[in-house]
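One-based numbering, in listed order, for ligands and for the atoms of each.
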Amino acid sequence: MSIFGRLLVNFSVRKQSRFQLQRSRYSVCGSRTAPSLKKTRSPVLFLEINISARSYSTMAEKKPFERLPKVVRPKHYDLFLQPDLQAFTFNGNTKISVQVSSATEKIILNSIDLSLKEVIYTPEGGVSTPATQVALSTEEETATLTFQPPIQPGVGSLFISFTGELNDKMKGFYRSQYTSPTGEVRHNGVTQFEATDARRCFPCWDEPAIKATFDISLCVPQDRVALSNMPVASEEGQGENRLVKFERTPIMSTYLVAVVVGEFDYVEDVSSDGIKVRVYTPLGKKEQGKFALHVATKVLPHYKEYFQVAYPLPKIDLIAIADFSAGAMENWGLVTYRETCLLVDSENTSAVRKQWIALVVGHELAHQWFGNLVTMEWWTHLWLNEGYASFVEFLCVEHLFPEYDIWTQFVTDTYVRALELDCLENSHPIEVPVGHPSEIDEIFDDISYNKGASVIRMLHRYIGDEDFRKGMNLYLTRHQFGNAETEDLWAALEEASGKPVKDVMSSWTKQKGFPVISISSQQKGDSRELQLIQRQFCAAGDCKDESALWLVPITLSTAKEPDKVAQNFVFDTKSKTITLENVSENDWVKVNPGTVGFYRTRYSPEMLSQLIPAIKSKTLPPLDRLGLLDDVFAMVQAGHTDTTEVLRLMLAFAEGEENFTVWSNVSSCLGKLDSLFDYADDCKGPFRVYAKNLLSNIYLKLGWDPKPGESHLDTLLRSLVIGRLGWLGHEDIVNEARIRFEKHISGEQQLPADLRSPVYRTVLAAGDAATFDTMLKLYRSTDLQEEKDRISRGLGALKDQKLLQQVLDFAMSDEVRSQDTIFVVGSVASSRDGRNLAWAFLKKHLQTFTDRYQGGFLIARLVKMVTENFASEDAAKEVEQFFATSPVPGTERTVQQSVETIRLNTAWLNRDQAKISAFFATYK
Ligand code: BES
Ligand code: ZN
């Protein structure tokens, strides 16, 4: 799941701009000094020019993005950093060994928001020369260093000293706030460099293909932990500070470099293949690191065995950071996490959270191979990192926790989300040209992650596990410590499998969208003749362009053997007729068993009607029941059939369905309809009656209290069902939730962690000012971020507009970290009134939001959550016009997608509202 789908984001400290360099203490750790300039040709002074974005654009039209020139390339960085955790500044210097391929007077590298002090070039065995000019471009995020006379070909070293702010934007080298066990507010220094923020910490060639080795050293206060990618090589110091030097890294990309300085506890273990694993937690919470430690130590050897390539570093640290924009970051050897993506509190962590943590740990550790050892050549191939890791995280969890049935959950978590986004006109191909950092940020989306993972799963099934493993090993060993493009992956898998991997897969990665396979059949004696047609599936119904063609690995199953693939072939033309032997007239035929192929299926009415009884009787396996429903739901949204069809189909699940993932899909369909009916008053009430009835059997089966020894999936199912019914206002649930909540608050009986989210939301949905107050007290009483999230993200369930307005103000207050604000605002947007309030709030505070996040995916996520559920042309126009006059870099595509979705919702209602009303009039 992507950063969009899954997360997930800074902070309560107000913007600090204290730049008090004089308070920094350089005394003990002035580890490296500038090269002696005794013999230089000119004094250590250069002319610094700042080309700000504004002055730049008045000078010329915006230049197209260009990658850094290749004439000077770094081989190795000596990097020294000294954060001042009180003044919120840092100073540092870097000596970069470079290779110069031809004479040049300019060195261009990346740097932004840094103040460069000394800039000196020293050719090997030659005389040091200071730069005569340093031109900084905020637009291009570069520093252009000019040297006179020009630098000659050969090797040399570039020395730069610099200072910067330890910012509060969760990017570059930043500060994260925590409260010490003694109640004091303190700060840690943390880095987050992906995608393009290493340049905010030190001047560097900040592109993934420009790899180098790093000797990192940190000057830190004596009592602070200092971590980096590699183990400590030496420590020295006296007085207040110590100098920590780390071992040299392997050759690696800048975005994977990391340092952390602060106060932490840890638990540790050694994996069976000899890697030292530590999980760092906030002070006093090391118990909470044990679950992640277990997952990490077990999964490292599993990946080694799977890839047949060992983890190349001697240690790996996993560390929980209080202010963190993403969910987690795979820095080589030092993986950083949001607290909620790493820490498990045995009493207060829910089963679904634990499962999520296992997936996140699995994901980031998969990157240690896929991304870190072999890195994408450019961000266009980001999906190689993210799509792949999003596939492998499931292999990890399946291996460690088979009882989670995690591959089934893949379909609702990952696959379905990808299809939902990819049917939009404003989707994009998996491989997408990107240049400027804001464009790069925007592709950490459901396409790179979820479509990426889904097409890899399809490929895995197409070539089989054995050849897949062989191919992966070939790819990793061939490109280790280097870079690769999508084509390199296909080449390795093609070699290993002997199948036309490149041709098949290119049709999925180079063009946006996916096909819908329309299928009809004719009985011919003992066999069935099937006609297949492929077309692009577009959310709007008709597609503008009919030329797209995919190479679709098709599989079919039949009632004879529901769990077996009866036939498979690659469908590489627009239409095709095939014959299935040994199928009788009454047998159903199912396309895409297991819901593995990345396409939708549209059955002829006869074929569909044969499948529905198989849902009821559950002869159709769970993933096929789910896939069938999801396809029909998509056909409804696209207007190929009307909503009453899916309302009828869902009733087939009412009686006997018990599978968590299937229910999770039904529940999500119900959620979408409920949001749509925010704008169809005549449908809302009857729909809620219908939905409550649909869920009543499963609720009665599960009850409120966990059965002794029940499965993980039943635990998940109970909170899903109670949560949905509470949202729908089911009377018994509301009453019981209130009783249990009272007991929880009074201390009479704690609510199990799994029931808290549904109960909080239910109580809030039926709550008043006093409920809000109680929730705030509960929020303030806990220091577990997971619990704070459950409460704050439930607040949007309140109905009273005045209270919702207070929730919005609370979201912006010092009590909610910036990383979490957007989710609280997003929760307010989950009802019709709340959505209007949240949208007005977003418009009013847009500047505050853009200042807080300074681009990045969090603001894009906010825009999506607040706007996409509107359902009128007026709303579409308003959102479109607002962002046209107040554009936010990095949200362009999200805005287009939201506007498109609003228009789709509008058309859907216009098409079906009367029919739905009529359906409910006859529904009992
Ligand atoms: N590489 C990403 C972190 C990241 C995301 C950096 C966006 C810069 C921009 C990391 O591997 C990741 O994918 N994290 C996910 C969690 C994961 C389990 C999907 C996240 O942060 O949501
Ligand atoms: Zn990732």
Cationic N near anionic O, under 4.0 Å, [X] to [Y]:
X      : Y      : value
Glu377 : Arg67  : yes
Asp820 : Arg817 : no
Lys451 : Asp446 : no
Glu787 : Arg353 : no

What are the atoms of ligand 1, with element, lying closer than 4.0 Å to any heavy atom of [X]?
X      : result
Ala326 : 21 (O)
Glu364 : 10 (C), 11 (O), 12 (C), 14 (N), 16 (C), 17 (C)
His367 : 11 (O)
Glu330 : 1 (N), 2 (C), 10 (C), 11 (O)
Gly327 : 20 (C), 21 (O), 22 (O)

Check: Between CG of Leu384 and CG of Asn483, what distance do you get to the nearest 0.5 Å?
Finding: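 The CG atom of Asn483 is 10.5 Å from CG of Leu384, to the nearest 0.5 Å.
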
Note to self: Looking at Lys315, I'd like to know if its NZ atom is crowded, meaning that more than 12 non-hydrogen atoms belonging to other residues, nucleotides or ligands lie closer than 6.0 Å.
What the structure shows: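 Yes - once you tally the heavy atoms of other residues, nucleotides and ligands closer than 6.0 Å, there are more than 12.
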
Note to self: Strictly under 2.8 Å, how many protein N, O or S atoms lie near the Zn ion (ligand 2)? Waters don't count.
What the structure shows: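 Count of protein N, O, S atoms less than 2.8 Å from the Zn ion (ligand 2): 3.
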
Are any of the N/O atoms on [X], whether in the backbone or the side chain, positioned under 3.5 angstrom from an N/O atom of ligand 1?
X      : answer
Tyr449 : yes
Glu393 : no
Gln192 : no

Notebook entry, point to check: Which of these, Ser390, Gly362, Ala328, has its nearest heavy atom closest to atom 10 (C) of ligand 1?
Noted result: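 Ranked by closest heavy atom to atom 10 (C) of ligand 1, first place is Ala328.
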
Margin query: Within the structure, is a non-hydrogen atom of Val360 found at a distance of less than 4.0 Å from ligand 1?
Written below: yes

Checklist line | 4.5 Å side-chain heavy-atom contact, Pro437 and Arg199 | finding: yes

Item checked: Qualifying residue for ring pair (Phe, Tyr, Trp, His ring centres under 6.0 Å) with Phe391, from Phe468, Phe410, Phe370 ->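 The single option meeting the ring pair (Phe, Tyr, Trp, His ring centres under 6.0 Å) with Phe391 is Phe468.
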
Notebook entry, point to check: When the aromatic ring centroids of Tyr280 and Tyr266 are compared, is their separation below 6.0 Å?
Noted result: yes

Margin query: Are Trp369 and Tyr306, when compared by the centres of their aromatic rings, separated by less than 6.0 Å?
Written below: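 Distance test on ring centres: not under 6.0 Å, no.
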
Note to self: For a quick test of reading the model, state the closest non-hydrogen atom pair linking Ile443 to Val432 and the distance between them.
What the structure shows: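 Closest pair (atom of Ile443, atom of Val432, distance): CG2-CG1, 3.6 Å.
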
Notebook entry, point to check: Where does His363 meet ligand 1, judged by heavy-atom distances below 4.0 Å: at the side chain, the backbone, both, or neither?
Noted result: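 The side chain, only.
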
